Visitor: 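Structure incoming, see below.
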Amino acid sequence: MNSPLSSSELAGAYDLLHPEVRRWVRDQGWAGLREIQSRAIREVRGGEGDLLVAASTAAGKTEAAFLPVLSEVADEPVRGLSVLYVAPLKALINDQFGRLEDLCERLGLSVVRWHGDAPAAAKSGLVKRPRGLALITPESIEALFSRRPAAAKALFGNLRFIVIDELHAFLAGPRGVHLASLLRRIDSLATKPARRIGLSATLGDLNAAAAWLRPSAPGNVQTVRSPPGGSSLQLQVRGYIEPFRPQATEDEKDLALRAVADHLCGTLRGKNSLVFGGSRRRVETVADLLRGLCERHNVPNEFFPHHGNLSKELREDLERRLKEGRLPTTAVCTSTLELGIDIGSVASVAQIGAPRSLSSLKQRLGRSGRRAGVPAVLRVYVLEDELRPDASLLDQIRQETIRAIAAIRLLGEGFIEAPSSVDGLGSALLHQTLSVICERGGARAETIYRLLCGPGPFASVKPPLFMDLLRSMGGPDAKLIEQAPDGVLMLGEAGERLAGSRDFFALFTSSDEWRIVTGGRSLGSIPISSPVMAGNLIVFAGRRWIVREVDEPTRIITVDPHKGGTPPTFEDSTPEPVDDRLAAEMLAVYMGDDQPGWIDATMARLLDEGRKSFRRMELDTRRAFRSGDDVHLFTWRGTRSNGLLAILLGAAGFSCWAHDTGVVVSRPNLSQLATRLAELQSFGVPNLEAVAADVSAISTGKFDGLIAPSVLRGFWALGVQGAVGDIQATVAPLQPIAGGDDMESLGVTHAPAAIEQRPDGREEVTAGPQP
DNA sequence: GACCTGCTGCGGCATG
């Protein structure tokens, strides 16, 4: 599918375009079509199937899709929309609208933006006379299905193409399940399903992407990729150590972060750059430090924060300033500037904290070095605490340092995570069931099942589990649905309320917030849970404020400029998962003794410390280690594997928690732990549904709370089905060699984990085989 | 010890 095209074939692609599209291409002053564009043109114009376009942000992906798509639909007299473009962000839709408007106008095709902030007149005009293109969010598609089914039918009944931008954003997580389900429902409205085209810069697993794009026939999805390589990378990883000073005053804290800010200020001033800060709180802290440095040096500030809690106005101002490029600008941001919002190219990218995901790192790197011959520049700043005398085992092995090095090594190999299995399947199916009932004004169970549970996100849900879900939804506690005498399912009392609420359209949760206002202008918002009182000093939007008034009823906090302050706390959430491959690479870094050329002296010291601790504890030969009352199980697998192991151990009564590379079991009975591990290795997960007795551990979806616990366990079991073999492989290295006097002495006759009494009196569960 | 994302329909009013 990706054999080289001859130059005549490449040139021939241009001739396949509509004459007016060809004129537009000439008017752009392009030297020619990119190879990826030519390939996509041939696939779309010459074929009938679906298409994945995998290429970096700057490679002209959008044009690769739209030049041939618009050529296809330009002169066709169609009733209804011809093309639906779906994007995960409103900002992306606005960007694309600007880029498509001119070309579409020349072709006589109408383009309409369809999201919550888009002009309503164009939307209602489109419903009256559906034609051309619509650029839409998944939630707006949902709103059409559940609130205006007649409009949905009119709009989606004759689609020729569905283009999905930033496809990787939909491969994992509930929002992807949601969109995939909506795509099935769109197909069901059509006499002939629309062709699907997925666009992405970072696909770790093309087969998984194809399976998402067309679950009924993934093998027929054609792929067009941009040639690998190209731009080079300049790289530095710098280490910083926060001194241990229990008596430090406020001004003496955060010394490591201050040193990072000093370095950022010296290196980035005068150019456009992005600094990924890791959390909103740290983004605010660093932006505040950098602004302070500029003031002290008597130079204009060019460092500004950007995160999801800042007002749209502040964010757009900064995006515009970056894009225009008249004044040197650095955005200190969270992942907000990771997706393809148009901010032009930046000179360099910095990241504070070791990366946790290669997909995200690659996406960030794609913001730098986008022009030919210009290298991408990446700086990673790793922060570690000085080791206290009583430092924990996990602190001593310097996991952050090791992860940074492992991640860069995987970056060099071109590794990107494949999407992991999805949580919250039951929650999503409950939601879509209600949505279908809204759409049809009532439906039979078989109809809903056929519509939702064919090839796609719910394919693994068999009829008995679906019926259990329906019974749970219809139960006296839930009252989400009820059954009419003729068997048709209708919304129940609670179902009406839920489906009628504004909160129904998205499959992800959102929390209540205070709005922060100064001089009548909105700066952004902070969670309602943040403790704020009049007189408090806060850092927000890169500036310092004093809280003048907190108005409970309107949920508005009024602030005035001030000289001091600290950033507010934002809500806690679970950390980004570390992939199995990254955890395994961390083990490889511990086991090796090479020192990369791209680390500084402090980083080299940290690396050395981590490896020495690792060897001192003999973690190269044992996977289980007793430390104080805890037993550390090092699986060298990622977050999801460890999370599953922790749930399975938790179900057996152990109290434990998972971290990036293993599980810590608190005060276990050692022989029972050994027995349990042996069971898991021999049988995997014997009875999945019996395992998760405590439903809170497996309740992750937005609507999981509305599902009966027994049914929720059924869905959880589905989600981890594929991980059963994995758990056996995860546990296997934790098994030591059988037999041995020391085990007998503890009264364990067939326990697979050897318990060792060390000379210093500490016990250890060891993993074999012993050297 | 994270981050991000989304949002109807209609009544009432002013205006052309």
Side-chain angles (χ1 to χ4, degrees), chain A residues 86-94 113-118 120 123-124 127 136-152 165-166 168-170 172-179 182 276-284 305-310 312 315 332-341 351-357 359-361 363-364 383-385 392 394-395 399-400 403 431 435 438-439 498-511 513 524-525 527 569-578 639 642-643 657-661 664 702:
Chain A
V86 188
L89 303 177
K90 289 184 286 193
L92 221 46
I93 286 174
N94 295 343
R113 278 181 289 171
W114 193 297
H115 57 67
D117 300 337
K123 291 195 254 182
S124 51
V127 175
I136 198 166
T137 60
E139 287 73 20
S140 282
I141 300 176
E142 175 63 54
L144 277 163
F145 268 118
S146 54
R147 293 288 167 86
R148 306 173 68 185
D165 206 354
E166 307 280 6
H168 60 275
F170 295 113
R175 211 174 175 204
V177 172
H178 190 190
L179 179 57
L182 292 169
F276 289 93
S279 71
R280 288 167 287 193
R281 191 177 161 84
R282 190 148 70 186
V283 160
E284 288 288 355
H306 192 284
H307 59 75
N309 281 71
L310 294 177
K312 200 170 94 178
R315 289 163 60 167
V332 185
C333 58
T334 55
S335 56
T336 38
L337 291 179
E338 199 173 282
L339 287 184
I341 303 171
Q351 152 124 1
I352 305 176
R356 298 179 65 82
S357 133
S359 160
S360 158
L361 182 62
Q363 197 81 25
R364 292 171 182 191
L383 303 167
E384 295 265 19
D385 288 331
S392 80
L394 290 177
D395 290 338
Q399 294 218 67
E400 184 87 0
R403 196 175 72 242
H431 177 258
S435 176
C438 287
E439 178 197 345
L498 180 60
S501 77
R502 245 170 68 101
D503 200 34
F504 184 69
F505 307 112
L507 251 177
F508 50 87
T509 53
S510 52
S511 59
E513 295 182 323
S525 61
T569 47
F570 296 93
E571 303 226 297
D572 297 338
S573 58
T574 47
E576 181 180 30
V578 162
T639 313
N642 295 324
W657 58 279
H659 57 86
D660 290 350
T661 56
V664 182
K702 181 175 178 179

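Residue numbers start from 1 in every chain, and the chains themselves are labelled A, B, ... in the order their sequence lines are given, proteins ahead of strands. No experiment lies behind these values; they were computed from the predicted model shown.
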Visitor: Give one of base, sugar-phosphate or nothing for His659(A), where a contact means two heavy atoms less than 4.0 Å apart.
Guide: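 Base contact - His659(A) has a heavy atom under 4.0 Å of at least one base atom.
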Visitor: Counting distance alone, no hydrogens or angles: does the base of dG6(B) have a donor or acceptor under 3.5 Å from a partner atom on the side chain of Asp117(A)?
Guide: no
Visitor: Would you find a donor on one side and an acceptor on the other, under 3.5 Å apart, between the side chain of Glu576(A) and the backbone of Arg356(A)?
Guide: no
Visitor: If the threshold is 4.0 Å, N to carboxylate O, is there a salt bridge linking Glu284(A) and Arg281(A)?
Guide: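 Salt bridge flag = no for Arg281(A) with Glu284(A).
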Visitor: So, does Thr137(A) get its side chain near the phosphate of dC7(B), meaning an N or O under 4.0 Å from OP1 or OP2?
Guide: yes
Visitor: Please list each protein N or O that sits under 3.5 Å from an N or O in nucleotides 10-14 of chain B, with the distance.
Guide:
none

Visitor: What contact category does Trp657(A) fall into here, base, sugar-phosphate, or nothing, at under 4.0 angstrom with non-hydrogen atoms?
Guide: base
Visitor: Take the protein atom CG of Asn94(A) and the nucleotide atom P of dT5(B), then report the distance between them rounded to whole Å.
Guide: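 Rounded to whole Å, this separation is 14 Å.
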Visitor: Sub-3.5 Å donor-acceptor pair from the side chain of Arg315(A) to the main-chain atoms of Thr336(A), do we have one?
Guide: no
Visitor: Below 4.0 angstrom from OP1 or OP2 of dC3(B), is there any side-chain N or O of Thr336(A)?
Guide: no
Visitor: Side chain of Pro575(A): nearest nucleotide among dT5(B), dC7(B), dG1(B)?
Guide: dG1(B)
Visitor: Can we say Glu142(A) and Arg147(A) salt-bridge, meaning some charged N sits less than 4.0 Å from an Asp/Glu carboxylate O?
Guide: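 The answer is no: the pair does not qualify as a salt bridge.
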Visitor: Would you say dC3(B) has OP1 or OP2 under 4.0 Å from some side-chain N or O of Arg280(A)?
Guide: yes
Visitor: Please tell me which of the listed nucleotides, dG6(B), dC4(B), dT8(B), lies nearest to the side chain of Lys90(A)?
Guide: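 The nucleotide sitting nearest to the side chain is dG6(B).
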Visitor: Is the backbone N or O of Ala87(A) less than 3.5 Å from a side-chain atom of Asp165(A), with the two atoms forming a donor-acceptor pair by type?
Guide: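 Not at all, since once roles are kept as given, no pair shorter than 3.5 Å links the two residues.
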Visitor: Pick base, sugar-phosphate or nothing for Pro577(A), based on heavy-atom distances below 4.0 Å to the nucleic acid.
Guide: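 Touches a base.
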Visitor: As a test of reading the structure: which of dT8(B), dT5(B), dG6(B) is closest to the side chain of Arg315(A), going by heavy atoms?
Guide: dT5(B)
Visitor: Whole angstrom is fine here: how far is it from NE2 in His115(A) over to P in dT5(B)?
Guide: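 The distance from NE2 of His115(A) to P of dT5(B) comes to 13 Å, rounded to the nearest Å.
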Visitor: Would you check if the distance from the ring center of His307(A) to the ring center of Phe570(A) is below 6.0 Å?
Guide: yes
Visitor: Whole Å only: how far is the CG atom of Leu92(A) from the P atom of dC4(B)?
Guide: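 Leu92(A) atom CG is separated from dC4(B) atom P by 17 Å.
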Visitor: Using the closest heavy atom to pick a nucleotide of DNA chain B for each, name whichever of Ser335(A) or Asp503(A) lands nearer the 5' end.
Guide: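 Looking at DNA chain B, the more 5' nearest nucleotide goes with Ser335(A).
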Visitor: Under 4.0 Å, counting only non-hydrogen atoms across every strand here, what does Ser510(A) touch: a base, just sugar-phosphate, or nothing?
Guide: base
Visitor: Round to the nearest Å and state the distance from Asp165(A) atom CG to dT5(B) atom P.
Guide: 16 Å
Visitor: Within this structure, what is the CZ-to-P distance between Arg175(A) and dT5(B), rounded to whole angstrom?
Guide: 9 Å
Visitor: Phe170(A) CZ to dC4(B) P: how many Å, rounded?
Guide: 17 Å
Visitor: Check whether Ser124(A) reaches the backbone of Ala120(A) with its side chain - one donor and one acceptor, N or O, closer than 3.5 Å.
Guide: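 Side chain of Ser124(A) to backbone of Ala120(A), a donor-acceptor pair under 3.5 Å: yes, one is there.
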Visitor: Do we see a donor-acceptor contact under 3.5 Å between the side chains of Thr661(A) and Gln399(A)?
Guide: yes
Visitor: For dC4(B), does OP1 or OP2 lie under 4.0 Å from any side-chain N or O of Thr334(A)?
Guide: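 Yes.
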Visitor: Of the options dA2(B), dG6(B), dT8(B), whose atoms approach the side-chain atoms of Leu89(A) most closely?
Guide: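 In terms of side-chain proximity for Leu89(A), the closest of dA2(B), dG6(B), dT8(B) is dG6(B).
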Visitor: Taking NE2 from His168(A) and P from dC3(B), how many angstroms apart are they, rounded to a whole number?
Guide: 19 Å
Visitor: Look at the side chain of Glu139(A) and decide which nucleotide, out of dC7(B), dA2(B), dG1(B), has an atom nearest to it.
Guide: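 Of the candidates, dC7(B) comes closest.
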Visitor: Between His431(A) and Phe504(A), is the gap from one ring center to the other below 6.0 Å?
Guide: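 Centroid distance His431(A)-Phe504(A): below 6.0 Å, so yes.
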Visitor: Between Trp114(A) and Arg403(A), just flag the one whose closest nucleotide in DNA chain B comes earlier from the 5' side.
Guide: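 Going by which nucleotide is closer to the 5' end, it is Arg403(A).
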Visitor: To the nearest Å, give me how far apart CG (Leu179(A)) and C1' (dC7(B)) are.
Guide: 16 Å
